[in-house]
> 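One structure is given below, represented as structure tokens, and several questions about it will come after.
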Amino acid sequence: MPDFDSAQFRACFPYLQQDCALVYLDSAATALKPQTLLDSTLAFYQSAGSVHRSQHDAQQTALYERSRQLTAQWINAASTDCVIWTSGATQAINMVANGLADQLEADDEIIISEADHHADFVTWSMSAQRCSAKLIVLPINDQWLIESAVLQQALSPRTKIVALNYVSNVTGTQQPIADLIGVIRRAAPQAFILLDCAQAIAHLKLDIQALDADFYAFSAHKLYGPNGLGVLSGKLSALEILSPSLYGGKMVDRVSKQRINFNPLPYRLEAGTPNIAAVIGFGAVLDWLQQFDFRAAERYAVGLAEHVKVRLQTYPKVRLFNSPQPSTVVCFIFDGINSSDLNTLLSEQDIALRVGEHCAQPYLARIGQKSTLRLSFAPYNTAADVEAFFAALDSALNLLRE
Ligand code: PMP
């Protein structure tokens, strides 16, 4: 018996059951959605009320808080108080940057890296600018990895924040994050550590208590969940330090003309009516996911991508930007062929992939490219998808080389 049944998994995705479905190889941008999410969302909008407001909200509130519990279990957070709903990884990272602004003084140092997505790179660049802090951008080596020695050298008593990407959306590279965190804790124990887990959440079984970072950010839509929902998690002691970025209803306990008392976490950082349908839907997705062996599913998807890499290498003039570890991401160009033209021809043959800078211009600069093509595989992809890609590629290359 195989430990992962891709056909069973694939059958859960309504998009893939349609005749017009593309060969979807863009799951690093956003994953497809399972039927359970659609069912849960419909059920919510067929019901009445909000959460945490009225007596008639009790059932929705229970489902809503159950999603928080399922999320806490999924990432092994210390408690549900450490799971804060946001609109996505981007908002979660911004909430940390804004929430720590009071802690930053001129000449403090913020460390990021060339491997960062713009959600991290731009946010911390702006934060450094606003607080007159110094921004240090760590270089990555030829395997797209941050080296411990390089990090060690950058750390100082002035290091206030180190914000790192865990798994790259450009090359699929996984940073040796536990080792890097160890280096930071030893050399700069005063620093806050944030991990951008937007990609990691879909590929690794995160155990945030085993890792020793302070903050973790991810989006639900990368893990088969809804758009417009993300999570900020981390150590309760670190989350407690964050000033709220948003003020309003439900984040306050007592309000008078004289005094405002905030609620405890997680509510203090969740002002306003939340995205209830998305939260409940994400809980349904996590429930559904439990029936599959997550690691076996990942191995299966990685197998497809690794096969593609081997086969692509037989093509003349191809250049691959591979992660040092096997991964679901295939990042490549063909020398002498415009990647956008190739993407257009592939798209016309119903292959859904990504071309461009992948919201990571500093990473692309490091690779030395203005643009790359990217295929990203998920456990619902099949060997037939791979064949469809190569058939489309052959035909596109023939046209371009005519
Ligand atoms: N970081 C990484 C590595 C990502 O891949 C993404 C999404 N492409 C983000 C951050 C931002 O996620 P979102 O747009 O869902 O907020």
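First listed ligand is number 1; within each ligand, the first listed atom is number 1. The model shown is predicted, which means the values in this text are computed figures rather than measured ones. Note: hydrogens, waters and symmetry copies are ignored here, and every other heavy atom, side chains too, is used.
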> Suppose we screen for ring pair (Phe, Tyr, Trp, His ring centres under 6.0 Å). Which residues come up paired with Phe44, at least two apart in sequence or across chains?
none
> Scan residues 9-23 for pairs that pass side-chain hydrogen bond (donor to acceptor under 3.5 Å, both in side chains), counting only residues two or more places apart or in two chains.
none
> Please report the closest heavy-atom contact between Thr61 and His52, naming both atoms and the distance.
OG1-N, 3.0 Å
> Could you pull out every N or O of ligand 1 that sits under 3.5 Å from a protein N or O, with the distance for each pair?
residue: ligand 1; atom: 1 (N); partner: Asp196; partner atom: OD1; Å: 3.2
residue: ligand 1; atom: 1 (N); partner: Asp196; partner atom: OD2; Å: 2.6
residue: ligand 1; atom: 5 (O); partner: Gln199; partner atom: NE2; Å: 2.7
residue: ligand 1; atom: 8 (N); partner: His117; partner atom: NE2; Å: 3.3
residue: ligand 1; atom: 8 (N); partner: Lys222; partner atom: NZ; Å: 2.7
residue: ligand 1; atom: 15 (O); partner: Ser219; partner atom: OG; Å: 2.6
residue: ligand 1; atom: 15 (O); partner: His221; partner atom: NE2; Å: 2.7
residue: ligand 1; atom: 16 (O); partner: Ala89; partner atom: N; Å: 3.4
residue: ligand 1; atom: 16 (O); partner: Thr90; partner atom: N; Å: 2.9
residue: ligand 1; atom: 16 (O); partner: Thr90; partner atom: OG1; Å: 2.6

> Quick one: side-chain hydrogen bond (donor to acceptor under 3.5 Å, both in side chains) pairs with a partner in residues 164-174, sequence neighbours left out?
Thr171-Thr173, Thr171-Tyr363
> Give me the ring orientation class for His307 and Phe390: parallel if the planes are under 30° apart, tilted from 30 to 60°, perpendicular past 60°.
perpendicular
> Could you walk me through whether Ser243 and Asp102 pass the side chain to side chain donor-acceptor pair (under 3.5 Å) test, one step at a time?
CA-CA 8 Å; Ser243 303; Asp102 305 346; 2.8 Å; yes
